[in-house]
2 protein chains.
Amino acid sequence: MSAERSVTIKDVAAHAAVSVATVSAVMNENKYVSPELAQRVRASIAALGYKRNNFARGLKTQVSHSIGLVIPDIMNPFYTNIARGVEDVTHTHNYSLIIGNTDEDPEKEKKYLHLLDSKQADGLIIAVTDHSFEYLQELPLQNLALVGIDRSLIELGIDTVLVNNTVGTRTAIEHLIGLGHRRIGLVTGARGITPTEERLVGYTEALEKHGIAVDPALIATARARVDGGERGAHQLLTLEDRPTALFLMDGTMVIGAMRAIAQLGLRCPEEIALICFDDFAWAPVMRPHLTVVDQPTYEIGKQAAHLLFERLQHQERAPREVRLQTRFIVRESCGSHLRSPDALSRFHA
Amino acid sequence: MSAERSVTIKDVAAHAAVSVATVSAVMNENKYVSPELAQRVRASIAALGYKRNNFARGLKTQVSHSIGLVIPDIMNPFYTNIARGVEDVTHTHNYSLIIGNTDEDPEKEKKYLHLLDSKQADGLIIAVTDHSFEYLQELPLQNLALVGIDRSLIELGIDTVLVNNTVGTRTAIEHLIGLGHRRIGLVTGARGITPTEERLVGYTEALEKHGIAVDPALIATARARVDGGERGAHQLLTLEDRPTALFLMDGTMVIGAMRAIAQLGLRCPEEIALICFDDFAWAPVMRPHLTVVDQPTYEIGKQAAHLLFERLQHQERAPREVRLQTRFIVRESCGSHLRSPDALSRFHA
DNA sequence: CTGAAAGCGCTAACAA
DNA sequence: TTGTTAGCGCTTTCAG
């Protein structure tokens, strides 16, 4: 069973009665070809249903017209949106997008990096699992353009796009403080990665600005998944002196937190206020409607892809770090509307 | 700026003082090579940091070790999970996964098909946008193994994996009927695609079985997105003789439906019962907790990928259609717990 | 303006 | 058991 010999550039040349060089020239539009010939060639291509072989092309040019996206988990809505953003611009460039989930496992990450490298991907957008800085540098990925997302890689001279985590967090925490909260619990994801550390800074800054001491007991570290959020929230909510508000670092964790709250028979926001990073379609349809620090996820992906294609053109351009703004969306879970009719009406507007 | 000439198999051969054929043989393990030589070759590979050029390899072998996944939208959790399932098995095969979103646009779909074809993807998993049957056949995709998901392609001799839509829907509708509902509204996605049509059959069967006439006014067709769900639900709920229950065909639409319900000031499930296809992490954290027809989405992706890799091995195997079972999960939005303490306790168990 | 021909790096006959 | 070599299909000088 062998598929019939697929049609090659030679066949097209023969059919159009020109040389292969001419066929190549019309396809690449990089040489003058008389209109008549060009026309004949195009007709032959259509007639034969010819499609250029990407292997042969790549072998010659060393470009694959594909880029990779390496992220922890596509099922996390944060990354899903990013992926969509990346994919949309990739598509407009007629490139293809290869996706790899690392599950925050450095080994898996390394494997993907090598896989994409051997596939001769032209570039890579990556949310590194931890500050694997040296590791990334050591990798023999010389020909691979890189763009980091979510975790800053600018110190490595790698283009990066992320959000202003510090400000986003500080704003939310100050809002809570303004509502009278003094014991504010924080459930973080993995330590050491940019978003966690920067948000921790925002948290600390907000507290200190208002003369509130940071209580380490109020900071739980957990897996950035539903179960992690549940565990982290549970841990904090079963403290003798439990917090009156909780800040979750991601949109999956907050689902776990709500489970923990329900399980402990607490009422949100009356007994425990709740704010989290990431907005999503169902946030407004949860009870209570979630107050969130929204990240422009789709835009992150888009910008990262733009940066990547830019670098593909201009290898030598200086590395850039793009900081996108978060948006604080007050709904109900922070308890604003309990004290301030204003906030509530703003939401319902 | 030219990256230094990358090391080739020739360099390795020279370094190890053997022929290129030997180097190739040890890498592919398809020929006997004496342990000493093999050792030497491996050492040279490591020493030189040699990585096989995928273009050259593919040009020769015509296999790319990559497959494509063409879906309407990765942001729909249904497809997100499928993608993850596909990706996981792709990864174990050391293949890479190329993703394309069609947005249900046949042109975009066609473009992706061609892109993947020209990239010489070894196979493709696809959720076709509509019954583009002839279209798919006409495509000169001879060398591309295909697997359909969600939409049945078995009549085209293409492996397919989907769920038992008819049974899933019938069960849910009968549950509603058992609860006393007689006017049950249906918000469908695009007509003509397998899931829509099969669920329509399930709906009809359930009604007819209980001697209830199908009222066309109770069936709304809409875009399978949040906004479509909202519009469709709104349309049905503003009928003079509005339904007492709503069945939504997908997990994004139901969010829209809940918005419509809230906007119309209706209480769910007291005034309007609600059931939808697809379960998701946040379904249990919505108020009311959503009663759903769960689809094993991750498993669909996994099975589809398995089918694809199987076909890659055995081109001639007869096409198969895999039907996975849905699971009816009673929570609160159907109103069961209002009438039946049993159902409620079952949920809380 | 068009064509001939030399590889790109690898695999797999075929020889030795 | 190992090596020689002919392409895979395309791009791109370089001649004409």
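Here is how names work: the chains are called A, B, and so on, in the same order as the sequence lines, proteins then strands, and each is numbered from 1. Note that this is a predicted model, so its numbers are computed, not measured. Basis for what follows: all heavy atoms, side chains included, without hydrogens, waters or symmetry-related copies.
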Which listed nucleotide (D:dG3, C:dC10, D:dT1) is nearest to the side chain of B:Tyr32?
-> D:dT1
Determine whether the side chains of B:Tyr95 and B:Asp122 contain a donor N or O and an acceptor N or O closer than 3.5 Å.
-> yes
So, do A:Val86 and A:Lys302 sit near enough that their side-chain heavy atoms are less than 4.5 Å apart?
-> no
Which listed nucleotide (C:dG3, D:dT11, D:dC8) is nearest to the side chain of B:Leu59?
-> D:dC8
Between C:dC8 atom P and A:Gln62 atom CD, what is the distance in whole Å?
-> 10 Å
How many Å lie between CD on B:Gln39 and P on D:dT2, as a whole number?
-> 13 Å
Donor-acceptor pair between B:Ser24 and B:Asn28 side chains, under 3.5 angstrom = yes
Using a cut-off of strictly less than 4.0 Å, decide whether A:Asn30 has a side-chain nitrogen or oxygen near OP1 or OP2 of D:dT12.
-> yes
Side chains of B:Ser118 and A:Asn54: donor-acceptor distance under 3.5 Å anywhere?
-> no
Value in whole Å for how far the P atom of D:dG9 lies from CD1 of A:Ile45 = 16 Å
Look only at the side chain of A:Arg151 and the backbone of A:Ile193, and say whether a donor-acceptor pair between them is shorter than 3.5 Å.
-> no
Proximity to the side chain of B:Val18 - top-ranked nucleotide from C:dC1, D:dC8, D:dG3 = D:dG3
Spacing of B:Tyr50 atom OH relative to C:dG9 atom C1', expressed in whole Å = 7 Å
Is there a donor and acceptor pair, one atom on the side chain of A:Lys10 and one on the base of D:dG7, closer than 3.5 Å?
-> no
Under 4.0 angstrom between A:Asn28 side-chain N/O and D:dT11 OP1 or OP2 | yes
Using heavy atoms to find the nearest nucleotide of DNA chain D for B:Thr22 and B:Ala56 separately, return the residue whose nucleotide is more 5′.
-> B:Thr22
B:Lys60 vs B:Pro35, nearer the 5' end of DNA chain D by closest nucleotide | B:Pro35
How many Å lie between CD on B:Gln120 and P on D:dG9, as a whole number?
-> 10 Å
Under the salt bridge (Lys or Arg N to Asp or Glu O under 4.0 Å) test, which residues partner B:Asp73, sequence neighbours left out?
-> A:Arg84, B:Arg225
Choose from D:dC8, C:dC10, D:dT11 the nucleotide whose nearest atom is closest to any side-chain atom of A:Thr61.
-> D:dT11
Does A:Thr8 make a side-chain N or O approach to OP1 or OP2 of D:dG9 shorter than 4.0 Å?
-> no
Provide, to the nearest angstrom, the distance between the NZ atom belonging to B:Lys31 and the P atom belonging to C:dA13.
-> 9 Å
Can you tell which of C:dA4, C:dT2, C:dT11 lies closest to the side chain of B:Ile9?
-> C:dT11
Would you mind telling me which of D:dT13, D:dT4, D:dT2 lies closest to the side-chain atoms of B:Val33?
-> D:dT2
From D:dT13, C:dT11, C:dG9, pick the nucleotide closest to the side chain of B:Asn53?
-> C:dG9
Can you tell me how far P of C:dC10 sits from CD of B:Glu29, to the nearest Å?
-> 17 Å
A:Ser19 has its side chain closest, among C:dA4, C:dC10, C:dA12, to C:dA4
Selection from D:dA6, D:dT5, D:dT2 that lies nearest to any side-chain heavy atom of B:Val20 = D:dT5
Interatomic distance where CZ belongs to B:Arg57 and C1' belongs to D:dC8 [whole Å] | 14 Å
